[in-house]
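Nothing fancy with the numbering, it's 1 onward along the sequence.
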Amino acid sequence: MTRRVKETFAGERDSAPGPSAMVGTPPAPAALAAKVRTLAPSMTRSMQRVAEAVAGDPAGCAALTVTGLAELTGTSEATVVRTARLLGYPGYRDLRLALAGLAAQQQSGRAPAITTDIAADDPIADVVAKLAYDEQQTLADTAAGLDTVQLGAAVTALVAARRTDVYGVGASGLVAQDLTQKLLRIGLMAHAHSDPHLAVTNAVQLRAGDVAIAITHSGSTGDVIEPLRVAFERGATTVAITGRPDGPVAQYADHVLTTSTARESELRPAAMSSRTGQLLVVDCLFVGVAQRTYETAAPALSASYEALAHRHRS
């Protein structure tokens, strides 16, 4: 018997998610901008206007009533309320309080005015500065938006897992390999699969007590979703690491870990920034597992270091 596939609103650009999209407690003011950057691509156009307005001018929007913000953005009061709920707030009043807090933080210490748009003729020093800032922003946004309840549940599943399969292609495949190598070094059975055929044939062997992890920034990579679906139907605990928590991959994920949504440019494909956020989530998973299994993880790490020591000396 298979589990019922979770409902999703992926791809429904003209209908806004309801209150059920809100997960956990409302985000802190500092996390609001990160939440907007992560969720904006999946919002309807009218909701995007509201989200961009509150992120761009928190002080100004904090002074507006729900009617005032609706007029400013050319939307409706209902759209403003739905946007507030999608961002994680029970209602518009709570969003206004967060906006006021964000405005106060910005006034006390603004982030440096730097753009990550890299031109073909930029000096290398500017390239370094822009990339460094973008990496820092990606990490900060991912950390701010990461649901620690979901993260803790994923760690618990990994600790108890008989085996773990990780699916990823392209840049996400490199992240999948990084996670499996980390788990192997603390004595856990883990496999990374970037070949979609092998991923599916391995997923068929999973069962309750196993874990399957899909890594896809877009949330819609078919070669990653298919093996996760198979693992889900076989009863394995499933985890999605994605920049689109409303994407198709979430249908088959028991736990969704959201990464920052990277802004793509001509000289900086989204895969570069998305990989940074994915690696942070992977490190959080690994450290959480190592903490829970310290008595066995520490000796396993020591043994792996010792086994490779002669290679570092030569």
Would you check if the side chain of T142 reaches a backbone N or O of S260 as a donor-acceptor pair within less than 3.5 Å? yes
Quick one: closest heavy-atom pair of P227 and G222, and the distance? CD-O, 4.4 Å
First locate atom CD of E226, then atom NE2 of H197, and finally report the distance between them rounded to the nearest 0.5 Å. 8.0 Å
Mind checking whether V159 and V281 sit in one hydrophobic cluster, side chains of I, L, V, M, F, W, Y counted as touching below 4.5 Å? yes
pair T83-V80: side-chain heavy atoms closer than 4.5 Å: no
Kindly indicate whether the side chain of V289, heavy atoms from C-beta on, has any atom under 4.5 Å from the side chain of I186. yes
Counting distance only, does the side-chain N/O of T65 pair as donor-acceptor with the main-chain N or O of G68 below 3.5 Å? yes
Verify the cluster assignment for V204 and V166: are they in a single hydrophobic cluster under the rule of side-chain heavy atoms below 4.5 Å apart? no
Mind checking whether V149 and L151 sit in one hydrophobic cluster, side chains of I, L, V, M, F, W, Y counted as touching below 4.5 Å? no
Looking at A176, is its backbone amide N or carbonyl O close enough to the side chain of T180 to form a donor-acceptor pair, meaning the two atoms are under 3.5 Å apart? yes
Can you tell if the side chain of Y92 reaches within under 4.5 Å of the side chain of T67, non-hydrogen atoms only? no
Salt-bridge present (K182, D283; N to O < 4.0 Å): yes
Determine whether a donor-acceptor pair (N or O, by modelled atom type, separation under 3.5 Å) exists between the side chain of R49 and the backbone of T73. yes
Is it true that R162 and D210 make a salt bridge, defined as a side-chain N closer than 4.0 Å to a carboxylate O? yes
At what distance, to the nearest 0.5 angstrom, does CG of L184 lie from CD of Q177? 11.5 Å
Y294 with L285, same ILVMFWY side-chain cluster at under 4.5 Å: no
Please step through side-chain contact (heavy atoms from CB on, under 4.5 Å) for the pair T242 and V256, ending with a clear verdict. CA-CA 7 Å; T242 180; V256 178; 4.0 Å; yes
Whether the side chain of S302 engages the backbone of A298 through a donor-acceptor N/O pair (distance < 3.5 Å, no angle test) should be reported. yes
Run E135 and T276 through side-chain hydrogen bond (donor to acceptor under 3.5 Å, both in side chains) and show every step you take. CA-CA 7 Å; E135 298 287 341; T276 301; 2.3 Å; yes
Option among L146, I215, D147 that satisfies the side chain to side chain contact (heavy atoms under 4.5 Å, CB included) test with L257: L146
Under 4.5 Å between any side-chain heavy atoms of R275 and S172, yes or no? no
Shortest non-hydrogen contact from T238 toward F232: OG1-CD1, 3.5 Å
Identify the two heavy atoms, one from S274 and one from H217, that lie closest to each other, and give their separation to 0.1 Å. CB-ND1, 3.3 Å
From CA spacing to verdict: side-chain hydrogen bond (donor to acceptor under 3.5 Å, both in side chains), T221, T216: CA-CA 6 Å; T221 306; T216 164; 2.9 Å; yes
Between D254 and T237, does a side-chain hydrogen bond (donor to acceptor under 3.5 Å, both in side chains) hold up when you go through it step by step? CA-CA 6 Å; D254 295 308; T237 299; 4.7 Å; no
So which atom in L72 and which in C61 form the shortest heavy-atom distance, rounded to 0.1 Å? CD2-SG, 4.4 Å
Please report the interatomic distance CZ(F286) to CZ(R185), rounded to the nearest 0.5 Å. 8.0 Å
With rounding to the nearest 0.5 angstrom, report the CG to CZ distance, D94 to R85. 10.5 Å
How long is the straight-line distance from CZ of R234 back to CZ of R207, given to the nearest 0.5 Å? 11.5 Å
Rounded to the nearest 0.5 Å, the CG atom of N202 sits from the NE2 atom of H191 at a distance of 7.0 Å
Grouping I, L, V, M, F, W and Y whenever their side-chain heavy atoms are under 4.5 Å apart, do V230 and I225 come out in a common cluster? no
Before you tell me yes or no, could you show the steps for L95 and L99 under side-chain contact (heavy atoms from CB on, under 4.5 Å), namely the whole-Å CA-CA distance, both residues' side-chain angles and the distance that decides it to 0.1 Å? CA-CA 6 Å; L95 174 60; L99 290 174; 4.2 Å; yes
Is there a side-chain contact between V54 and L69 in this structure, where contact means two heavy atoms from C-beta onward sitting under 4.5 Å apart? yes
Could you go step by step and tell me if L228 and I213 meet the side-chain contact (heavy atoms from CB on, under 4.5 Å) rule? CA-CA 7 Å; L228 191 75; I213 301 176; over 6 Å; no
Can you list the steps and then say if R163 with D165 is a salt bridge (charged side-chain N to carboxylate O under 4.0 Å, His left out)? CA-CA 7 Å; R163 80 181 238 195; D165 279 12; 3.0 Å; yes
Compare every heavy atom of V239 with every heavy atom of A154, then report the nearest pair and how far apart it is. CB-CG2, 4.1 Å
Donor-acceptor pair between R292 and T156 side chains, under 3.5 angstrom: yes
Kindly indicate whether the side chain of L86, heavy atoms from C-beta on, has any atom under 4.5 Å from the side chain of M43. yes
Walk me through it: do L279 and D178 pass the test side-chain contact (heavy atoms from CB on, under 4.5 Å)? CA-CA 8 Å; L279 287 171; D178 183 74; 3.7 Å; yes
Would the distance check show the side chain of E77 and the main-chain N or O of V66 forming a donor-acceptor pair, the cut-off being under 3.5 Å? no
What is the minimum heavy-atom distance between G219 and P248, and which atoms define it? O-CD, 3.1 Å
